[in-house]
Each structure stands twice: as structure tokens, then as C-alpha cells.
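Okay, structure first, notes after.
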Amino acid sequence: MGLAKSLKCIECSRTYSLDHVIYTCTSCGGLLDVVYDYSEVDAERLRGLWARRPMNVWRYQELLPVNSALAVSLGEGGTGLHRCDRLAQKLGVKELYVKNEGENPTGSFKDRGMTVGVTRAVELGVKATACASTGNTSASLAAYSAKAGLTCVVLVPSGKIARGKLVQAIAHGAKVLAIKGSFDDALREVRRLCEQRRLYLLNSINPFRLEGQKTLAYEVFEQLGMKVPDRVVLPVGNAGNISAIWKGFKELREIGLSEGAPKMMGVQAEGASPFASMIIEGRDKLKPVEKPETVASAIRIGFPVNWPKARMAVVESGGWVTIVSDKEIIKAQKDLARLEGLFVEPASAASIAGLAKMLEEGLVDKDETVVCVTTGHGLKDPDVVLKFYEEVVEVSPGEVEEALGEVLA
Ligand code: F0G
């Protein structure tokens, strides 16, 4: 077993035993966080243990709040940290790495959370899991539930999720319902359902799921040779991942493995930027966006439920946020695919577009070490490429040279 002690409300500090099936504080409605006793951690021993295990989420089992002997795993984590010199040169930054989460089993970072969250479901002995999703959460939960032999219920905003993701949820046998409404409507509905029925909720409001996602920080630290980067740039949707990754870096510092921690830089899409707008405008309350719209369907979210945790991540780390247009997102997706061989979905490309903007705005210095997190695989959303990229030319045999023209020059 790991070193987890309890659940704690981030607003009123009320604590709950880990055995409680609970998603938010029953006193004040605040978000919950898993608390560890870090004084029990022997950093050198931990380092030794990690080094003997393969690089995946369970390498870090002492800092996960579930029994690793029960792990429901598909081999998640251990994704590449790719040094991107050609893109770095184009953007004008010294050292750029891409942590490519599309390399996870179902093609997104959600697998880090689901391996822990579904293991928790097994520990609890529940029969069914549920989530609302813009696509990736449902693909991942469906796969891990299948592996664990659990029923999975998925609510998605009707007509608003990328085809590849919908196909995954169906293939893995989830009961998929398309809700007439937005992701935010679907999330409200599934939260109600899970409170009233015996379904285990695995959206990022579930603190156990976020524990799995924090392992990205440990991996980046190890992959950089036991160093933290100056900045971590990532897309923000429901705002769980930025909170989770920040927790991972804070823990490394707390247990004495790292000296510092990176600044967390969140990126949102124009048309779905309630979190970034709140930070930029200096407000301490989030104003929901009623009809969120962006080409990056994964982060088409008007009311990010984890905003209080994400706000703490940005403030505590000394980070910031930026807002990018759909055009900038598609351009970044193309650049990453064509300069570095990494094909990521639009929401993921928002991290690259965001870095470009932050460099332009002078928010990021040219000689910093930056890690951009690309959260999901490009194949998730083939329609975006077919819509925004070059058309494929149809020719008859014998017309090939003519059609290739200057390519052959
Ligand atoms: N990138 C991708 C590819 C995502 O699928 C998501 C979230 C995010 C970024 C944002 O992460 O919500 O932790 O801030 N997708 C969720 C889903 C909402 O249902 O798949 P976040």
C-alpha cells in the first residue's frame, strides 16, 4: 500500500477517511484532494525503488492511493519526452520538449487517471462506472472498465465529440448516450446520476483519478535526468490535469527529490476560455461560458469544475495562462506534425500554439527549458485534418509526374 492518509477539502480543510465514496466536500461543496504523510517518505529509498521498475504509472505506486496488487493496467504512462529542436528553432526557444501523451494505450493522458480510478472502483467492489466526456475520458474509461469487467456508462454532448473517440467508447462496449446539450450539461447529469445510483463517477472531480495523472510530473523529472523544467505548458479544459501535474511537481519538491518546481502555464481556446479569462482579468471567481465553441473539441468546456485547484496551480507555481485562436491551434498542429513527426489532436496542439504566443508576448524567456504536454493522439480527430489541410489530388495512372510537378524538381 502507498502512503495516502485521507481526503481533504481544499476549501474548508475538512478531512474524510479514504474509505468514503465521496467526490466533493459534504460541508461546503469544495473539491477534495488526497493527502499523504510525506514525512514517512525516504527519498533515496524511493528513488531506488523507482529505478528498478519499468517506466509506467505503477512505478510510482508508493505515491498512489490504491492497492497496486489490484492494478487494472493496460501499460499506461512511460510516454516519450521528445526533444524538438526543429520546432524550438522555429518558435525561438532554447530547449523544447514534448511529453506526448498520445502514446498511452487509448491515445490520451486520461489512461494515467483511469488506471488508478478504475482500480479504486475494483477496491470498492462497484459494478459500474460512469463519466461525462468530450471524448477522451469516455474512450479511456470504457477501455479500463472493460479490462476490469465493469459496466461503463458514458454521456457525451450530442454531435460534439471527435469520431475516433466515440468509436473507442462504442468498441469497448460502453453504454453511450448522446446528451442534447453541452459537455457541461452532460457532466451535471452524470453527477446527479452517480449520487442517486450505484455508479462510480470517474470524471476529474474524482480525486483518485487525478492522483494517476500526477505521475506525468515524476516522469518528466526522471526523463530530464532528475531535473525539473522551467515551464510546463498544457491545454486546460475541465482543469484537472494542470492541477494534477502541479501536485506531482510539488510532491517531488516536498519529499526532497527536486529543488524547484516549474511554472505551470495553461492554454485555452478562444470561445472556451473561462479559466484563462479569470486569471488574465485578475478575478477570483470563474464566469462560465454559456456556449463554448472551438475546433479543439476536447477542451470545448464552459464551466471547468476543477478551476479552484487549477487556479492554485497557476498562482502557487508562479505560472500564467494564454488564449489561442482555432487558426493558431491548427497551425501548431501542422508544425508539430511536419517538423517533429508528432501528430496530436487540436486540443493538444493548443499547448504549442500557447507557447508560441507566450514567447511573442514575452511571458516565456527564449533561454528557458520548456515542456509542452500534448494530451491526445492526432488520429482521435481525423475530420479536422480532412477539413483544414490540403486536399488529396485524384489522378489517373500516367498523370503522376504531372501532378507531382515541383516535388520532382
Ligand atoms: N487535452 C485533451 C486531449 C483532453 O481530452 C482534455 C480533456 C484536455 C486536454 C483538458 O484536460 O480537462 O484535465 O483540463 N478532456 C476531457 C474529456 C474533458 O472528457 O475527455 P483537463
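Atoms within a ligand are numbered from 1 in the order they appear, just like the ligands themselves. None of these values were measured; they are calculated from a predicted model.
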Where is the tightest heavy-atom contact between Ser138 and Gly135, given as atom of each residue plus distance? OG-O, 2.7 Å

Under 3.5 Å: N or O atoms of ligand 1 paired with protein N or O:
from: ligand 1; atom 1: 1 (N); to: Thr375; atom 2: OG1; distance (Å): 2.6
from: ligand 1; atom 1: 5 (O); to: Asn136; atom 2: ND2; distance (Å): 2.8
from: ligand 1; atom 1: 12 (O); to: Asn238; atom 2: N; distance (Å): 2.7
from: ligand 1; atom 1: 13 (O); to: Gly240; atom 2: N; distance (Å): 3.2
from: ligand 1; atom 1: 13 (O); to: Asn241; atom 2: N; distance (Å): 2.8
from: ligand 1; atom 1: 14 (O); to: Gly237; atom 2: N; distance (Å): 2.8
from: ligand 1; atom 1: 14 (O); to: Asn238; atom 2: N; distance (Å): 3.3
from: ligand 1; atom 1: 14 (O); to: Ala239; atom 2: N; distance (Å): 2.8
from: ligand 1; atom 1: 15 (N); to: Lys110; atom 2: NZ; distance (Å): 2.8
from: ligand 1; atom 1: 15 (N); to: Thr134; atom 2: OG1; distance (Å): 3.4
from: ligand 1; atom 1: 19 (O); to: Ser133; atom 2: OG; distance (Å): 2.7
from: ligand 1; atom 1: 19 (O); to: Thr134; atom 2: N; distance (Å): 2.7
from: ligand 1; atom 1: 19 (O); to: Thr134; atom 2: OG1; distance (Å): 3.3
from: ligand 1; atom 1: 19 (O); to: Thr137; atom 2: OG1; distance (Å): 3.2
from: ligand 1; atom 1: 20 (O); to: Ser133; atom 2: OG; distance (Å): 3.3
from: ligand 1; atom 1: 20 (O); to: Thr134; atom 2: OG1; distance (Å): 3.4
from: ligand 1; atom 1: 20 (O); to: Asn136; atom 2: N; distance (Å): 3.1
from: ligand 1; atom 1: 20 (O); to: Thr137; atom 2: N; distance (Å): 2.8
from: ligand 1; atom 1: 20 (O); to: Thr137; atom 2: OG1; distance (Å): 3.1

Which residue pairs satisfy the ring pair (Phe, Tyr, Trp, His ring centres under 6.0 Å) criterion with at least one member in residues 369-392, sequence neighbours excluded? none

Restricting to pairs with a member in residues 43-62, which pass ring pair (Phe, Tyr, Trp, His ring centres under 6.0 Å), not counting sequence neighbours? Trp50-Tyr60, Trp50-Tyr218, Tyr60-Tyr218

Atom pairs and distances, donor-acceptor, side-chain atoms in residues 253-266, under 3.5 Å, two or more places apart:
from: Ser258; atom 1: OG; to: Arg253; atom 2: N; distance (Å): 3.4
from: Ser258; atom 1: OG; to: Gly260; atom 2: O; distance (Å): 3.0

Glu211/Lys247 ion pair, N-O < 4.0 Å: yes

Checking the side chain of Glu345 only, and the main-chain atoms of Lys380 only, is there a donor and an acceptor separated by less than 3.5 Å? no

